[in-house]
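One structure is given here, and the rest of the page talks about it.
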Amino acid sequence: MSALTGVVVQLKLSLLRNGLRQSAGRRAAYVASVVVVLLIAALQLIGLIALRGNAHAATVAVLGAAILALGWAVLPLFFPSGDETLDPTRLVMLPLRPGPLVRALLTASLVGIGPLFTLCLFTGSVIAVAPGAAAYGTAVVAVVLALLICVALARAVAAANIRLLTSRKGRDLAVLSGLVVAVGAQLVNFGAQRLGSAGLSRLDPVGEVLRWVPPGSAIGAVDSVSKGSYGIAAAQLALSAAASAGLLTLWSRSLTKLMTAPDQSTLQAAEPGSRERASSGLSRLLPAGRTGTVMERSLRYVWRDPKTKAAWVTSLAIGLIVPVFNALQGTGSIYFACFAAGMLGIQMYNQFGQDTSAFWMVAMTISSPRDAYAELRGRALALLLITLPYATLVTVVTTALLGAWPKLPEVLGLSFALLGAMLATGAWTSARFPYSIPQEGYKNVAPGQAGLAWISIFGGMVSAALLASPVITATIWLNVAAGGDEWTWLLLPAGAAYGALITFLGLRLAAPRTAGRLPEILGAVSKG
């Protein structure tokens, strides 16, 4: 057992060392990240120690432990390649039993900057709530149990999902990590503002619950000992120990299944014709002909292509977060609801770049401006199928939160006009300024095409704002003019009609340019 543990630890160190040998830039990035993480850990440790004696120190410590555990649980899902030893399928062919392998991998998991950062925060948490010798003795056990729970949780989650994480689709899930960061930043900002106005006492009810949820229960045990509640502390430590044992058992069973169960590469392929592919239910709901075909293709890209899905999910999330969170904070405006239409309207830009090198198959079907118009119309209708109900929903929710129901028609009309203007300019810039989107990695623009991307998106957005200016001007005038409130409801049908007209004209004007620039478009989107 000890020999296996030493080998696995040496394997992890060798993987780290060989990775850093690849380039000086990689070494510099790693050293810089280690310095930053250690600096943050030191500041957090000092801050937690400074809370010693504060009435809410236990609440902060327990809540921090819960957040750390959540981070350990989700990080393997977004960064599966961050630790090569997370993939136990590499050891399937070796004569290893799950028990010794669990102990070896668990020890290897404790080697790294992540465990050190976690150890610093747990140490600061127990120091903040441990006033006496008995509490310090309990703190040693609590820190060990809390760290064990976090590491075992990460390993159990990775082992349960390793088949997905090591596949191409699983690796592409990392693209969505940007969305998690964006949403999480908004949630943290919202929570910080709430705490700034109400104080840490608002967290006490949450802390009372989390002190019974591992690993918060381990930190809570230290606080219980400091208060003389030894029975409660024993129960909390027992709960933490049971959680760590359960996670290790779950991890062991997942390893056994991975090393004994066949996967798709070892299963015999089904006989040809054994299963008939059912017709898509979506295709039956869409229009017949080329329009329906283009719509279905675009919607399938949204669902299946990782980069397209990430862009859509990010736009959907931010388009809702900005108006709703501002409304909840009492600082928002009803016109922030137009942000939803603006975020989704951006998806119309660089339509052909989203196809990457597969655009040549589409280009083969375009021989005239009429074909190009049908292609652009189908893509615009697919976007509207999602955007129209979503923009309406966000506007209604924002209106309800602010209680500004008289403003609902004009804001909806303004959103529809803005969306129509963005569809029109998006169709034109897609043909005039196409650029390639790399399929691998996190870049959304191929090297050397950043200027095209800036012109396409920001130039198109400025043009869209100018196109929507008649409706914007009418909205301002009716709100300023005396008695104009009685006529603001007209902005809803006027904005919808204007948006539809602008979309139609934009598609018509973009179609001849698309048909005439097919070779240039194909060359631009196929780069990278």
Side-chain angles (χ1 to χ4, degrees), residues 167-169 171-172 175 277 279-280 282-283 286-312 346-386 423-457 459-460 503 506-528:
S167 65
R168 181 183 179 276
K169 289 184 178 180
R171 290 192 297 268
D172 289 334
V175 177
R277 185 175 180 179
S279 60
S280 172
L282 178 63
S283 61
L286 299 177
R290 176 163 187 153
T291 299
T293 302
V294 174
M295 291 180 66
E296 183 175 4
R297 186 210 318 138
S298 299
L299 294 173
R300 287 185 183 276
Y301 277 174
V302 173
W303 181 251
R304 294 181 178 180
D305 181 64
K307 282 291 181 73
T308 306
K309 182 189 294 187
W312 270 93
I346 294 177
Q347 303 305 317
M348 188 64 187
Y349 293 85
N350 196 36
Q351 276 290 309
F352 307 128
Q354 297 175 15
D355 296 353
T356 63
S357 58
F359 177 68
W360 72 269
M361 300 180 67
V362 177
M364 293 282 290
T365 66
I366 299 176
S367 59
S368 65
R370 182 176 180 178
D371 294 335
Y373 172 74
E375 177 71 24
L376 291 171
R377 181 181 60 188
R379 292 173 184 251
L381 289 175
L383 190 145
L384 287 172
L385 195 63
I386 302 174
L423 291 178
T425 56
W428 190 85
T429 57
S430 293
R432 183 62 184 85
F433 303 107
Y435 57 90
S436 178
I437 302 177
Q439 289 299 290
E440 301 295 334
Y442 300 94
K443 294 183 178 180
N444 291 319
V445 182
Q449 294 185 329
L452 287 174
W454 280 90
I455 294 174
S456 175
I457 296 177
T503 301
L507 297 179
R508 282 293 186 186
L509 292 174
R513 181 170 292 273
T514 302
R517 299 190 74 250
L518 283 178
E520 292 86 350
I521 296 174
L522 183 58
V525 303
S526 299
K527 293 181 179 180

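Since the structure is predicted, the reported quantities are computational estimates derived from the model, not experimental observations.
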Problem set entry | Test applied, side-chain contact (heavy atoms from CB on, under 4.5 Å); reference residue, Met348; option that passes from Thr425, Leu423, Leu384 | Leu423
Problem set entry | Pairwise distance OG1(Thr365) to CH2(Trp360) - rounded to 0.5 angstrom | 11.0 Å
For this session: Not counting sequence neighbours, which residues clear ring-ring contact (aromatic ring centres under 6.0 Å, His included) with Phe352? List them please.
Result: Phe359
For this session: Keeping to residues at least two apart or across chains, list the salt bridge (charged side-chain N to carboxylate O under 4.0 Å, His left out) pairs with something in residues 371-382.
Result: Arg290-Glu375, Arg297-Glu375, Asp355-Arg379, Glu375-Arg379
Exercise. Taking atom CE of Met295 and atom CG of Leu286, what is their separation to the nearest 0.5 Å?
Worked result: 5.0 Å
Exercise. Any donor-acceptor pair under 3.5 Å linking the side chain of Gln354 with the backbone of Gln347?
Worked result: yes
Problem set entry | Atom pair CD1/OH of Ile457 and Tyr349 - distance to nearest 0.5 Å | 9.0 Å
Problem set entry | Minimum heavy-atom distance Pro369-Ala511, with the two atoms named | O-CB, 3.5 Å
Exercise. Shortest non-hydrogen contact from Leu299 to Ala382?
Worked result: CD2-O, 3.8 Å
Exercise. Is there a donor-acceptor pair under 3.5 Å between the side chain of Lys309 and the backbone N or O of Val302?
Worked result: no
Exercise. Between Pro434 and Ala524, what is the shortest heavy-atom contact and its length?
Worked result: O-CB, 3.6 Å
Exercise. Is Arg517 reaching over with its side chain to a backbone N or O of Ala431, donor-acceptor style, under 3.5 angstrom?
Worked result: yes
Exercise. What distance separates Phe433 CZ from Ile521 CD1, expressed to the nearest 0.5 Å?
Worked result: 12.0 Å
For this session: Using atom types as modelled and distance alone, determine if a side-chain donor or acceptor of Ser430 lies under 3.5 Å from a backbone N or O of Gln351.
Result: yes
Exercise. Atom OH in Tyr373, atom CD1 in Ile366: separation rounded to 0.5 Å?
Worked result: 14.0 Å
Exercise. To the nearest 0.5 Å, how far apart are CG in Leu376 and CG in Leu381?
Worked result: 11.0 Å
